[in-house]
Protein chains: 2
Amino acid sequence: MSDLLERLRGRGWRLTAQRRVVAEVLDGDHVHYTADEVHAKAADLLPEISRATVYNTLGELVSLGEVLEVSTDGRAKRYDPNAHHAHQHLVCSRCGTIRDVHPAGDLLAGLPAEERFGFQVSTVEVTYRGICPSCSTA
Amino acid sequence: MSDLLERLRGRGWRLTAQRRVVAEVLDGDHVHYTADEVHAKAADLLPEISRATVYNTLGELVSLGEVLEVSTDGRAKRYDPNAHHAHQHLVCSRCGTIRDVHPAGDLLAGLPAEERFGFQVSTVEVTYRGICPSCSTA
DNA sequence: ATCCTACATTGGACATTGTCTAAGTCAAGA
DNA sequence: TCTTGACTTAGACAATGTCCAATGTAGGAT
């Protein structure tokens with residue numbers, strides 16, 4: 001994660017205590033926290049940090065592509081610090097296991113021009129669902 | 001959509017003016033509205049309808065499987081009345097508008113066997129993202 | 001080392017989206 | 001038509017996120 005801080009400084013970021021703490025929280029665990037969870041954990045390390053700063057910092061990290069914003073359930077967004085590879089998911093409908101997968105071909109090409117309704121289409125997210133090996137034998 | 005009203009009556013629903021109006025609003029097939037948009041359009045037809053009733057009715061339609069709840073960004077959920085036909089979604093990254101689209105080809109075929117990790121893959125959900133015509137000119 | 005200043009932070013007001021409840025209303029069967 | 005329990009309503013409340021003016025400060029300039 002000091003890599004991250006280096007990259008950010010290279011992009012002209014000021015390295016404030018608050019930003020360091022947010023980066024540290026995101027680096028700590030494999031769980032994807034909500035903004036308020038990040039704020040709570042950051043406040044353990046730097047009690048006076050404000051919610052606004054956490055939101056700002058997360059938003060900046062997202063727009064720099066350092067962190068992925070995930071919104072699965074219409075409630076709070078969650079932040080995924082492992083944002084550095086293409087992101088499709090294979091989900092087990094029975095047990096919920098998630099794997100990252102890499103589909104072949106250009107997924108965007110699957111949408112014909114006459115189905116684009118004037119949109120400038122730029123990205124595509126795919127979730128495959130099925131039954132994983134453990135669940136299909138159990 | 002009168003089909004829908006018939007089905008609902010068959011399930012023991014009371015056919016109130018409010019529910020009729022919500023069903024009527026949902027009976028367009030291209031854009032998916034947020035709950036508040038449904039409320040606004042319903043209020044054009046029945047001015048005294050309350051937000052709570054719209055939320056209640058949408059929630060009931062979702063749990064009956066008549067309408068799909070779609071949450072593509074962390075903002076308002078949208079309601080897709082087209083729950084009985086396979087389709088994918090095209091989302092405006094700026095304003096959140098959702099359209100149904102129908103990609104060409106077999107989307108499942110895009111996932112090679114060696115990327116299936118032993119799963120019996122059965123369905124695929126695709127969300128295309130881009131900028132809609134209104135947002136790209138504004 | 002100190003000073004400047006543009007950028008960062010803060011706290012709190014505000015906005016959006018959704019939930020809940022108590023009291024009044026009404027659809028539909030008897 | 002009468003009754004009754006389901007439905008609707010208004011508005012308070014909750015959760016999440018955004019915005020702003022005032023204040024603080026990182027890091028280059030001197």
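Naming convention: chains lettered A, B, ... in sequence-line order (proteins, then strands); numbering from 1 in each chain. Both backbone and side-chain heavy atoms feed into the values below; hydrogens, waters and symmetry mates do not.
- At dT25(D), none of the side-chain N or O atoms of Q18(A) fall inside 4.0 Å of OP1 or OP2 (strictly under the cut-off).
- Within residues 62-69 of chain B, no residue places a heavy atom under 4.0 Å from DNA chain D.
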> Can T97(B) and F117(A) be said to form a side-chain contact (heavy atoms from CB on, under 4.5 Å), step by step?
Replying inline: CA-CA 12 Å; T97(B) 292; F117(A) 300 101; over 6 Å; no
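- Comparing atom distances between the A76(B) side chain and each of dT10(C), dG18(C), dG17(D) picks out dG18(C) as nearest.
- When rounded to the nearest whole Å, the span between CD of E60(B) and P of dT19(C) equals 12 Å.
- Atom pair L8(A):CG and dG27(D):P shows a separation of 12 Å (rounding to whole Å applied).
- One can place CZ of R11(A) at 18 Å from C1' of dC7(C), the figure rounded to the nearest angstrom.
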> Can you list the steps and then say if E37(A) with R78(A) is a salt bridge (charged side-chain N to carboxylate O under 4.0 Å, His left out)?
Replying inline: CA-CA 9 Å; E37(A) 286 166 351; R78(A) 290 172 180 275; 3.5 Å; yes
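- Remark: P of dA15(D) and NE2 of H39(A) are 16 Å apart, rounded to the nearest angstrom.
- When rounded to the nearest whole Å, the span between CZ of R19(A) and P of dG24(D) equals 18 Å.
- What separates CD of E37(A) from C1' of dA15(D) is a distance of 13 Å, to the nearest Å.
- Note on R11(A) versus E6(A): no salt bridge recorded, every NZ/NE/NH1/NH2 to OD/OE distance being 4.0 Å or above.
- Taking only side-chain atoms of D36(A), from C-beta outward, the nucleotide of dG11(C), dA8(C), dT16(D) with the closest atom is dT16(D).
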> How does protein contact run along nucleotides 23-30 of chain C, one letter per nucleotide 5' to 3', with B for base contact, S for sugar-phosphate only, - for none, heavy atoms under 4.0 Å?
Replying inline: ---BBS--
Polar atom pairs between nucleotides 18-22 of chain D and protein, under 3.5 Å, N or O only, would you list them?
from    : atom 1 : to     : atom 2 : distance (Å)
dT18(D) : O4     : R51(A) : NH2    : 3.3

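- Taking 4.5 Å as the limit, every side-chain heavy atom of H89(B) sits out of range of all side-chain heavy atoms of V101(B).
- In this structure the side chain of E125(A) never reaches within 4.5 angstrom of the side chain of Y128(B), judged on heavy atoms.
- Under a 3.5 Å cut-off, the side chain of S136(A) and the backbone N or O of I131(A) do not form any donor-acceptor pair.
- A donor-acceptor distance shorter than 3.5 angstrom exists from the side chain of R116(B) to the backbone of L111(B), with no hydrogens or angles considered.
- The CD atom of E48(A) sits 18 Å away from the P atom of dT23(D) (whole-angstrom rounding).
- Looking at R14(B), its side chain never comes within 3.5 Å of a backbone N or O of R19(B) through a donor-acceptor pair.
- For the pair Q88(A) and H102(A), the minimum side-chain heavy-atom distance is 4.5 Å or more.
- Side-chain N/O atoms of Y79(B) and E69(B) include a donor and acceptor closer than 3.5 Å.
- Cluster membership for V22(B) and L4(B), using ILVMFWY side-chain heavy atoms within less than 4.5 angstrom, is shared.
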